[in-house]
Amino acid sequence: MNWQNFAVGIIDFGSQYTQLLARRMRELGLSSVIIPYEDALAQIEKKQLPKAIILSGGPHSVFLDNRNFKSLFALKNIPMLGVCYGMQLMAHHNGGKVEKGEVGEYGHTELFSQDNFYAEKLQGDVSVWMSHFDQVKSVGNDFKVILKSPKNVIAGFQHNTLPWLAYQFHAEVDHGTHNREFLEYFCFEVAKLKPDWDIDSMLEDIKARINFDPKKKVLCAFSGGVDSLVAAVIAQKVLGADPYCFYVDTGLQRIQDAEHIKTLQTNLGLKIEVVDASQLFLDRLANVAEPEQKRKIIGHTFIEVFEQKVHQFESEKGIKFDYLLQGTLYPDVIESVSPHGKDGPSVTIKSHHNVGGLPERMHLELLEPLRFLFKDEVRRIGLSLDLPRQWLFRHPFPGPALGVRIMGDVSVERLRMVREADHILYQEMLEHNLYDSIWQAFTVFLPVKTVGVKGDERAYEEVICVRLVNSFDGMTAKISQVPFPFLEKVSSRIANEVKGITRVVYDITSKPPGTIEWE
Ligand code: XMP
């Protein structure tokens with residue numbers, strides 16, 4: 001990715017917060033791009049530079065990092081912000097001293113301003129988020145210390161003449177009292193950047209990057225989720241394409257999904273065709289209980305059905321598709337810098353299914369209008385294109401759908417139970433005005449029989465589990481704090497209205513150690 005002409009180029013040293021830096025810059029109206037250090041070096045050599053550079057945090061220690069930083073720190077006139085590891089790097093290579101700390105600083109920390117740094121800028125007590133072990137012990141002669149922590153650790157410094165600044169803390173995270181002000185200080189006062197990123201420039205950027213020829217034929221594996229929806233509407237309204245969208249009905253969808261697709265078919269002016277493959281999915285899933293095997297069957301069957309439909313369609317209509325439209329987002333394509341290096345260990349927790357695998361098989365060029373955008377930007381664009389809020393702020397829903405919300409074998413009867421329970425949960429969330437404050441909500445079918453009473457009769461029936469979580473990006477999650485009367489209502493309705501269910505339980509597991517889905 002070329003970072004020339006971006007307002008902010010972020011060099012990724014492997015921090016878990018690097019993506020947040022890019023998002024925060026965009027929230028300030030500044031175009032931002034993340035690139036690995038090796039790519040940054042290559043572009044510095046070619047003098048292709050962004051207007052400002054941020055050095056991200058990272059898990060390394062400056063003592064063990066033998067890479068060459070000369071050309072980076074020779075960029076005297078480029079505004080630079082060092083964050084955490086990036087600050088230590090700036091100190092270490094510019095006359096300062098970094099040492100191993102005796103104890104690290106983690107979590108909330110108060111800050112004290114040196115040299116009146118924030119007499120005007122920041123009012124009240126200042127708290128920031130720290131996560132570091134090594135410490136900057138002294139700064140070079142050309143720098144002044146501007147912030148310290150209560151342990152007398154240097155928490156920020158600034159160059160006396162160059163537009164260089166450094167923070168030991170993470171002003172890009174959610175915790176902290178004055179994060180925005182800290183970032184604004186760098187962007188607008190030190191770097192003197194001008195906002196260049198809004199809805200219009202995002203759309204301009206998409207058009208310029210893609211340079212679409214409207215004569216080309218576009219195919220889309222449409223799910224009705226936010227990403228494929230906005231991608232299809234952009235393709236239509238911004239790029240001038242007329243995409244053909246196939247929605248594969250796997251028989252594993254929720255009641256509200258079928259309704260949603262119908263609404264989109266009637267209201268969008270897009271060609272959306274439903275391909276009913278529910279029986280095939282059910283047949284293939286019969287007697288399969290192992291979660292990974294279920295995921296693989298659903299994934300392969302989806303691709304097979306989609307491909308077959310497309311070939312049939314092409315031969316019937318006598319056309320040939322040129323592009324496969326996908327709602328790929330920026331976080332999917334940022335080349336992640338593993339804390340363990342290029343060959344570091346990685347573990348498959350779950351084999352995720354979307355439409356991965358389709359592009360390679362179909363030999364189509366990819367059309368990815370959202371490739372450079374974060375989810376919140378996609379939603380903003382959606383709103384600007386007049387898509388209703390409730391379409392853009394739906395909860396995430398996994399590709400394998402209810403298939404991974406039925407523990408054990410999938411059957412028509414179990415699908416009915418989980419589907420009805422899920423719909424009751426959905427209706428009650430809307431009724432109690434809770435939908436928008438919960439990040440993801442669903443029910444899971446548990447094939448465990450328990451004893452209950454229904455009327456005066458003994459019941460010996462199965463269990464539905466309710467899972468409600470709040471999360472930022474699905475990587476970690478907490479259980480949602482919802483009122484008990486709401487849970488009581490959901491439980492009572494499920495046990496009374498869903499035939500075959502007597503007991504409802506509430507999952508109180510965070511992620512980690514649990515994952516959000518049960519399979
Ligand atoms: P886990 O269960 O891994 O889920 O904590 C994190 C988020 O990802 C969703 N999820 C999926 N999304 N294809 C998807 O598109 C999948 O195969 C898949 N599996 C899990 C899950 O619903 C949660 O939002």
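All values below were derived from every heavy atom in this structure, side-chain atoms included, with hydrogens, water molecules and symmetry-related copies excluded.
Side chains of Arg379 and Lys375 form a contact here, defined as non-hydrogen atoms less than 4.5 Å apart. At a threshold of 4.5 Å between non-hydrogen side-chain atoms, the residues Arg26 and Arg23 do not count as touching.
Between the side chain of His132 and the backbone N or O of Tyr106, no donor-acceptor pair lies under 3.5 Å. No donor-acceptor pair closer than 3.5 Å links the side chain of Asp198 to the backbone N or O of Gly29. Ser510 places no side-chain N or O within donor-acceptor distance of the main-chain N or O of Pro512, the cut-off being under 3.5 Å. Side chain of Ser201 to main chain of Asp196: a donor-acceptor pair is present (N/O by atom type, distance under 3.5 Å, no hydrogens or angles). Between the side chain of Arg503 and the backbone N or O of Val451 there is at least one donor-acceptor pair closer than 3.5 Å. Not one N or O on the side chain of Thr443 forms a donor-acceptor pair closer than 3.5 Å with the backbone of Val466. At least one donor-acceptor pair closer than 3.5 Å links the side chain of Asn267 to the backbone N or O of Thr263. In terms of modelled atom types and a separation under 3.5 Å, the side chain of His260 and the main chain of Gly224 share a donor-acceptor contact. Between the side chain of Thr301 and the backbone N or O of Phe281, no donor-acceptor pair lies under 3.5 Å. In this structure a side-chain-to-backbone donor-acceptor pair under 3.5 Å is missing from Glu368 to Gly327.
In summary, Arg24 and Asp174 engage in a salt bridge, as defined by a charged side-chain N under 4.0 Å from a carboxylate O. A salt bridge between Glu273 and Lys309 is present, with a side-chain N of the basic residue lying under 4.0 Å from a carboxylate O of the acidic one. Using a 4.0 Å cut-off between charged nitrogen and carboxylate oxygen, Asp376 and Arg380 do not count as a salt-bridge pair. A salt bridge links Arg493 with Glu428: at least one charged nitrogen is closer than 4.0 Å to a carboxylate oxygen. Ion pair Glu413/Arg416 flagged as a salt bridge, since at least one NZ, NE, NH1 or NH2 atom sits closer than 4.0 Å to an Asp/Glu carboxylate oxygen. A salt bridge links Asp257 with Arg254: at least one charged nitrogen is closer than 4.0 Å to a carboxylate oxygen. A salt bridge is absent between Asp386 and Lys237; no separation between the charged side-chain nitrogens and carboxylate oxygens falls under 4.0 Å. Taking a cutoff of 4.0 Å between a charged side-chain nitrogen and a carboxylate oxygen, Glu461 and Lys449 do not qualify as a salt bridge. Remark: Glu259 does not engage Lys262 in a salt bridge, criterion side-chain N to carboxylate O under 4.0 Å.
Aromatic ring centres of Phe182 and Tyr167 lie closer together than 6.0 Å. Checked against a 6.0 Å centroid threshold, the rings of Phe397 and Phe442 do not count as neighbours. Between Tyr247 and Phe302, the ring centre distance reaches or exceeds 6.0 Å. In this structure, Tyr323 has its ring center closer than 6.0 angstrom to the ring center of Phe212.
Taking all atoms of both residues into account, the shortest heavy-atom contact from Val173 to Asn179 is O-ND2, 3.0 Å. Of all the heavy atoms in Leu392 and Gly382, the pair that sits closest is CD1-C, 3.5 Å. The nearest pair of heavy atoms linking Leu373 to Val378 is CB-CG2, 4.0 Å. Listed here is the closest heavy atom pair of Gln440 and His395: CA-ND1, 3.7 Å. Across all their heavy atoms, Val482 and Leu468 have their closest contact at CG2-CD1, 3.7 Å. Of all heavy-atom pairs between Ala231 and Gln326, the closest is CB-O, 4.1 Å.
In the model, Asp409 has no side-chain atom that pairs as donor or acceptor with a side-chain atom of Ser411 under 3.5 Å. Inspection of the Gln312 and Glu316 side chains reveals an N or O donor paired with an N or O acceptor under 3.5 Å. Looking only at atom types and distance, the side chain of Arg371 has no donor-acceptor partner in the side chain of Thr328 under 3.5 Å away. Between the side chains of Trp518 and Asp507, a donor-acceptor pair is found at a separation under 3.5 Å. There is no side-chain donor-acceptor pair under 3.5 Å between Ser15 and Ser56. A donor and an acceptor atom, one from each side chain of Gln19 and Asp473, are nowhere located under 3.5 Å apart. In summary, the side chains of Trp197 and Glu377 do present a donor paired with an acceptor at a separation below 3.5 Å, with no hydrogens or angles considered. Checked by atom type, the side-chain pair Asp249/Gln253 shows no donor-acceptor distance below 3.5 Å.
Taking the six-membered ring for Trp and thresholds of 30 and 60 degrees, Phe486 and His432 have ring planes more than 60 degrees apart, a perpendicular arrangement.
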Derivation of the ring pair (Phe, Tyr, Trp, His ring centres under 6.0 Å) call for Phe372 and Phe6: CA-CA 13 Å; Phe372 193 58; Phe6 278 92; 5.5 Å; yes
Hey, mind stepping through Leu402 and Arg414 against side-chain contact (heavy atoms from CB on, under 4.5 Å) and telling me if it holds? CA-CA 10 Å; Leu402 299 180; Arg414 289 176 169 187; over 6 Å; no
Quick one: do His170 and Cys84 satisfy side-chain contact (heavy atoms from CB on, under 4.5 Å)? Show the steps, please. CA-CA 7 Å; His170 292 276; Cys84 195; 3.6 Å; yes
Between Tyr435 and Phe393, does a ring pair (Phe, Tyr, Trp, His ring centres under 6.0 Å) hold up when you go through it step by step? CA-CA 9 Å; Tyr435 188 84; Phe393 288 83; 10.0 Å; no
Working note: Leu264 + Phe222, criterion side-chain contact (heavy atoms from CB on, under 4.5 Å); need CA distance, chi angles, decisive distance, verdict. CA-CA 11 Å; Leu264 298 181; Phe222 191 73; 3.8 Å; yes
Going through the checks in order, is the side-chain contact (heavy atoms from CB on, under 4.5 Å) test met by Leu329 and Phe374? CA-CA 6 Å; Leu329 300 185; Phe374 290 107; over 6 Å; no
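The CG atom of Leu325 sits 13.0 Å away from the CD atom of Glu365 when rounded to the nearest 0.5 Å. A distance of 9.0 Å separates CD1 in Ile424 from CG in Asn496, rounded to the nearest 0.5 Å.
At most 12 non-hydrogen atoms from other residues, nucleotides or ligands lie less than 6.0 angstrom from NZ of Lys478. Around CG of Asp125, the count of heavy atoms belonging to other residues, nucleotides or ligands within 6.0 Å does not exceed 12. Heavy-atom contacts from other residues, nucleotides or ligands closer than 6.0 Å to NZ of Lys217 number 12 or fewer.
Among Ile10, Ile34, Thr18, the one residue that satisfies the side chain to side chain contact (heavy atoms under 4.5 Å, CB included) test with Ile54 is Ile10.
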